[in-house]
Peer 1: 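This is the structure I have questions about; it appears just below.
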Amino acid sequence: MNTNFVENRPVQELERGLSDDFGQLFYKHWKDANGAMPDEDSVIAKHIEKFVILNTIENTEDSPEILSVGADTLLAELIPQTADPRLSSARKEIEPGYRRFVRQSYVRASAGEARYDVIGSNYLLPGGIEWLKIERVLLPYTSPTGLRWIFCYSILREKKLSKNQPGQLVEKECSPLTIDPDQLWMAPFST
């Protein structure tokens, strides 16, 4: 049986090439911009479909609200309905226990800290319980007006069917999104 874990890695490992090429580029852009929100012409904006964008955390007992799920994200691959713009809350599609399990790095990113994690976890997917090993980079971008969002880039490193299968599914909660993702790029420039 695989154990569940969240391993916080030093973000300097991104500079040494321990992520994929895009993860390294993402971190370099953030560092060079000193965490300032990218403009519409930046490399980050051109690859927006690779990111899950989250609000900062309000409740330290749960992960933050998801504002946008890009079509090319790991989340959209594993739980496709999360990328549907008509969905009232992508966060509520993620198991509550898992959200609580991975929340600590969101707390730190909400405070302005870059985070680089490796997560190993059993997760109920449409094909059954899978053990997933995920690498994720969480970077907080701050607008000129002081608003902050967390950009998350994740890579699946390992996936295998778990021997432990559940007897029933967990009912999911529902709530509306708090921001129109189409307005995200305009938000930093509003007063």
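All heavy atoms count here, side chains included; hydrogens, waters and symmetry mates do not.
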Peer 1: Using atom types as modelled and distance alone, determine if a side-chain donor or acceptor of R148 lies under 3.5 Å from a backbone N or O of T56.
Peer 2: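 No, because the side chain of R148 does not come within donor-acceptor range (under 3.5 Å) of the backbone of T56.
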Peer 1: The criterion is side chain to side chain contact (heavy atoms under 4.5 Å, CB included); which residues satisfy it with E113, sequence neighbours excluded?
Peer 2: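 Testing E113 for side chain to side chain contact (heavy atoms under 4.5 Å, CB included), a comparison that skips the adjacent residues, returns R108, R115.
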Peer 1: Got a donor-acceptor contact below 3.5 angstrom from the T142 side chain to the G146 backbone?
Peer 2: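 Not at all, since once roles are kept as given, no pair shorter than 3.5 Å links the two residues.
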Peer 1: Which distance, rounded to the nearest 0.5 Å, do you find between the CZ of R100 and the OG of S63?
Peer 2: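 Atom-to-atom, R100:CZ and S63:OG are 9.5 Å apart.
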Peer 1: State whether the side chain of N4 and the backbone N or O of N122 hold a donor-acceptor pair below 3.5 Å, judged by distance alone.
Peer 2: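 Here the side-chain-to-backbone pair exists.
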Peer 1: Please report the interatomic distance CD(E130) to OH(Y123), rounded to the nearest 0.5 Å.
Peer 2: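 If we round to the nearest 0.5 Å, E130:CD and Y123:OH are 12.0 Å apart.
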Peer 1: Run K31 and F26 through side-chain contact (heavy atoms from CB on, under 4.5 Å) and show every step you take.
Peer 2: CA-CA 9 Å; K31 188 174 176 186; F26 176 37; over 6 Å; no
Peer 1: To the nearest 0.5 Å, tell me how far S154 OG sits from L75 CG.
Peer 2: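 Result: 8.0 Å between the selected atoms.
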Peer 1: Mark yes or no for whether T73, through its side chain, and V69, through its backbone, hold a donor-acceptor pair below 3.5 Å.
Peer 2: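 Answer holds: no.
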Peer 1: Is the CG atom of N34 crowded by more than 12 outside heavy atoms at less than 6.0 Å?
Peer 2: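 No, CG of N34 has 12 or fewer neighbouring heavy atoms, counting only those of other groups under 6.0 Å.
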Peer 1: Donor-acceptor pairs are to be reported for all side-chain atoms of residues 43-54 against protein atoms at under 3.5 Å, with residues two or more places apart or in another chain.
Peer 2:
{"residue": "K46", "atom": "NZ", "partner": "D41", "partner atom": "O", "Å": "2.8"}
{"residue": "E49", "atom": "OE1", "partner": "A71", "partner atom": "N", "Å": "2.6"}

Peer 1: Classify the ring geometry between Y141 and H29 as parallel (under 30°), tilted (30 to 60°) or perpendicular (over 60°).
Peer 2: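 Correct class here is tilted.
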Peer 1: Would you please name every residue forming a side chain to side chain contact (heavy atoms under 4.5 Å, CB included) with A114, sequence neighbours left out?
Peer 2: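 So A114 forms a side chain to side chain contact (heavy atoms under 4.5 Å, CB included) with V11, Y27, W30, L139.
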Peer 1: Show your reasoning for whether side-chain contact (heavy atoms from CB on, under 4.5 Å) applies to I150 and Y106.
Peer 2: CA-CA 8 Å; I150 301 167; Y106 292 116; 4.3 Å; yes
Peer 1: What is the distance from atom CG of L78 to atom CD1 of I94, rounded to the nearest 0.5 Å?
Peer 2: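 It is 10.0 Å, given to the nearest 0.5 Å.
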Peer 1: For the pair L132 and S121, evaluate side-chain contact (heavy atoms from CB on, under 4.5 Å) and give the outcome as yes or no after the intermediate values.
Peer 2: CA-CA 5 Å; L132 308 172; S121 178; 5.7 Å; no
Peer 1: Walk me through whether R136 and S105 qualify under side-chain contact (heavy atoms from CB on, under 4.5 Å).
Peer 2: CA-CA 10 Å; R136 76 174 175 184; S105 285; 3.3 Å; yes
Peer 1: Using 0.5 Å steps for rounding, measure from the NZ atom of K159 to the CG atom of L74.
Peer 2: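 CG of L74 is found 9.0 Å from NZ of K159.
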Peer 1: Quick one: pull up OG in S110 and CZ in R103 and give me the separation to the nearest 0.5 Å.
Peer 2: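 Between atom OG of S110 and atom CZ of R103 there are 12.5 Å.
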Peer 1: Would K28 and E15 pass as an ion pair if we require N to O under 4.0 Å?
Peer 2: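 Result for this pair is no, no salt bridge flagged.
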Peer 1: Mind checking side chain to side chain contact (heavy atoms under 4.5 Å, CB included) for V107 and listing every partner two or more places apart, or none if nothing turns up?
Peer 2: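 Side chain to side chain contact (heavy atoms under 4.5 Å, CB included) check on V107 returns I57, T60, Q104.
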Peer 1: Assess whether a salt bridge exists between R9 and E7, defined as any Lys/Arg side-chain N lying under 4.0 Å from an Asp/Glu carboxylate O.
Peer 2: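 The answer is yes: the pair qualifies as a salt bridge.
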Peer 1: Using the side chain to side chain contact (heavy atoms under 4.5 Å, CB included) criterion, which residues pair with I155? Sequence neighbours excluded.
Peer 2: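 Once residues adjacent in sequence are excluded, the partners of I155 under the side chain to side chain contact (heavy atoms under 4.5 Å, CB included) criterion are S19, D20, E135, Y153, R157.
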Peer 1: Restricting to pairs with a member in residues 138-147, which pass salt bridge (Lys or Arg N to Asp or Glu O under 4.0 Å), not counting sequence neighbours?
Peer 2: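 The answer is none; no pair qualifies.
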Peer 1: Quick one: sort the Y98 and F101 rings into parallel, tilted or perpendicular, breaks at 30° and 60°.
Peer 2: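 If you compare the ring of Y98 with that of F101, the planes turn out tilted.
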Peer 1: Measure from the side-chain N and O atoms of D84 to the backbone N and O of R86, and report whether any donor-acceptor pair falls under 3.5 Å.
Peer 2: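 Such a contact is found between D84 side chain and R86 backbone.
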